[in-house]
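Written out below as structure tokens is the structure these notes cover.
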Amino acid sequence: MTETIEFQAEARQLLQLMIHSIYSDKDVFLRELISNASDALDKLRMESYRDKDLGVDTTDLHVELRTDAAARTLTITDNGIGMSRDDVVNLIGTIARSGTAETLSKLREAQASGSEEATAELIGQFGIGFYSSFMVADRVEMTTRRAGTDGGVHWESAGEGTYELSEVADAPQGTSITVHLKAEDAEDNLHDYADPSVVRRIVKRYSDFITWPILLDPSGVTDTVVEGAEEDTEESAPDTSNEPINSRKALWARPRSEVSDEEYAEFYRHVSHDWQEPLETMRFTGEGTFEYQALLFLPAHAPMDLYYRDAKRGVQLYVKRVFVMEDCEVLVPEYLRFVKGVVDAQDLSLNVSREILQQDRQIQLIRKRLVKRVLQTITALRGENAEKYETFWRECGRALKEGLLSDQDNTQAILEASSFASTHDPERLTTLADYVARMPEGQESIYYVTGENRAAVENSPHIEAFRAKGYEVLLLTDQVDEVWVGMVPSYGSGEDAKPFASIAQGDVDLSDDAEKPEGFDDLLTWMTTTLADDVSEVRLSTRLTTSPACLVGEVGGLPPQLEQMMRSMGQEIPVQKRALELNPKHPLVENLRTAHAAKPDDAGIAETASLLHDMALLAEGGELKEPSAFVGKLAQRLAATL
């Protein structure tokens, strides 16, 4: 019995975007389907290790490509893990991913603007290999059976909003996808994918490194020019089903001099499902008591799910070139989740679980070395290629700084790899090493201020005297900055360590005057009592030059932005009272002192004190408890001046 089912709304939209795609390199659909087939073979072998009762034959796992020029079809078949009916509905008929609607909207905008680069980037962020087949197909069929089950499933769709499902009693294990090809169209870069020579060329270019054999069975003898091979040679030879057309060489095991940048780029696309080239390629080798090889990549743009809580992370784990695990989280910490690639260990068991890996000493030592090398690479990138580093920091810097919260062993290395906005330059970021080198004589701390954005913190009252004194201040505007500055005491080590100091916390003395202003004691005592519900104390300030007042927290206290963020997450946080600092040289403060001395019981003076507190709160971007009351008081005062 055949069942007709509608695609999920987002999946239907995505299919239409793929069908009408402006992306010119349509050859990549085959790369995506072969990559999916390779993943299915990996999963079957791992499942056979875990489940000895699965009862599957893993001695001849492979991917087979069949072309039919007369029927104009290309069939991609694997004898891997396969899918059940529920798998097909959930994986093919639905896109269950956070942010789907937003990304689809961006994708439509990119296509409407004609930007192929932006379109490719957004398509790549989805990791939608199967859907890419509709760039070249009028119709797609799929027959699949999950390993260990009896019945199979047949899926078919023209990509127009619905798909058909039916049961297949005698389906072979694995998945077979038949692409009914559109007519060849040179202007639209639609090649003849029923031509074995075209298929061979695409496999050689995009999938040569796949570890499983890729077999091409075009039925007959063809004269083929192999493009992209080491030598351009014309050959006439039979293509039989037992002759792999890919070299199957593990890139990480080959000498670097024998691997081209294009091969690295294609391998990165395979492991990351990103359609862009990597920003940086890293190769590491460990020797001695334990051996491993690693081929890792930094992305040129942040993965779409970089900040999703349920996003998959980790690198692929191999043991002696045998695939073991897809997303091995143990090998890279969460703050390096943007790193993709493979690690090939020599002395691990193939039948290993994630729980065992967490306790394995060799894995922990490999992780330690990988983290160190990745951080060194990022730091070196800043000096060797500033443009690349700036791209990396813009895309992934916020995630990297999360390591300051969790990786105490590498705190200083993360700080070395990081860059920060500061008052030194309105556009360029600075390193902490450069900040320290510019510190004037007598400055002992690295000053910083946190806030929502650069404009807000640059105009903060707290920064006035520091700017006037020529003290550079770091401008920290990421949410993670609010947290790590309270956990990292200093930059550097030993006698050269420089402590971090918030310009919005503690009592600082930046005054040039030998004598402190006098005559304010009565005003300060009265205001502390009057504003007792809102402030811990009222005192004179040396950090203000033009503003009348500012609010200052205690050293080690919660910054107001972090306090607000924690409350929005449902956490019960005690009210943090801060000190109200007054600028004794500001006319408003001087006049308030005079008025209070003359009429200490005047209700209008208390109202002015309240307005002064609220103004300080607004100046730092805070929220008033009673905005309407503030507006009413201010309106009355303004009316009285007219």
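Throughout, residue positions are numbered sequentially from 1 according to the sequence presented. In this text, all values refer to a predicted model and were calculated from it rather than measured experimentally. Just so it is clear, the values below take in all heavy atoms, side chains as well, and ignore hydrogens, waters and symmetry mates.
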Do [X] and [Y] pair up side chain to side chain, a donor and an acceptor below 3.5 Å, judged on atom types alone?
{"X": "D274", "Y": "H301", "answer": "yes"}
{"X": "T525", "Y": "D522", "answer": "no"}
{"X": "S460", "Y": "E620", "answer": "no"}
{"X": "R438", "Y": "Y471", "answer": "no"}
{"X": "Y491", "Y": "E416", "answer": "yes"}
{"X": "S547", "Y": "E464", "answer": "yes"}
{"X": "Q293", "Y": "T285", "answer": "no"}

Would you find more than 12 non-hydrogen atoms of other residues, nucleotides or ligands less than 6.0 Å from [X] atom [atom1]?
{"X": "N453", "atom1": "CG", "value": "yes"}
{"X": "Q376", "atom1": "CD", "value": "yes"}
{"X": "Q576", "atom1": "CD", "value": "yes"}
{"X": "E452", "atom1": "CD", "value": "no"}
{"X": "R428", "atom1": "CZ", "value": "no"}

field: Where I378 and Y389 come nearest, the two heavy atoms and their spacing
entry: O-CD1, 3.6 Å

task: Could you walk me through whether V535 and T528 pass side-chain contact (heavy atoms from CB on, under 4.5 Å), step by step?
output: CA-CA 7 Å; V535 302; T528 298; 5.6 Å; no

Ring center gap for F500 and Y447 short of 6.0 angstrom: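 No - the distance between ring centres of F500 and Y447 does not fall below the 6.0 Å cut-off.
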
- prompt: Which is it for K312 and E326 under the salt bridge (Lys or Arg N to Asp or Glu O under 4.0 Å) test, yes or no, and what are the steps along the way?
  reply: CA-CA 10 Å; K312 291 183 178 181; E326 176 65 29; over 6 Å; no

query: So D344 and K320, salt bridge (Lys or Arg N to Asp or Glu O under 4.0 Å) or not? Walk me through it.
result: CA-CA 6 Å; D344 189 350; K320 296 179 181 178; over 6 Å; no

- request: For the residue pair S536 and E554, establish whether any side-chain heavy-atom pair is separated by less than 4.5 Å.
  value: yes

- prompt: Under a 4.0 Å N-O cut-off, is there an ion pair linking R382 with E387?
  reply: no

query: Going through the checks in order, is the ring-ring contact (aromatic ring centres under 6.0 Å, His included) test met by Y292 and F284?
result: CA-CA 8 Å; Y292 69 90; F284 313 135; 8.1 Å; no

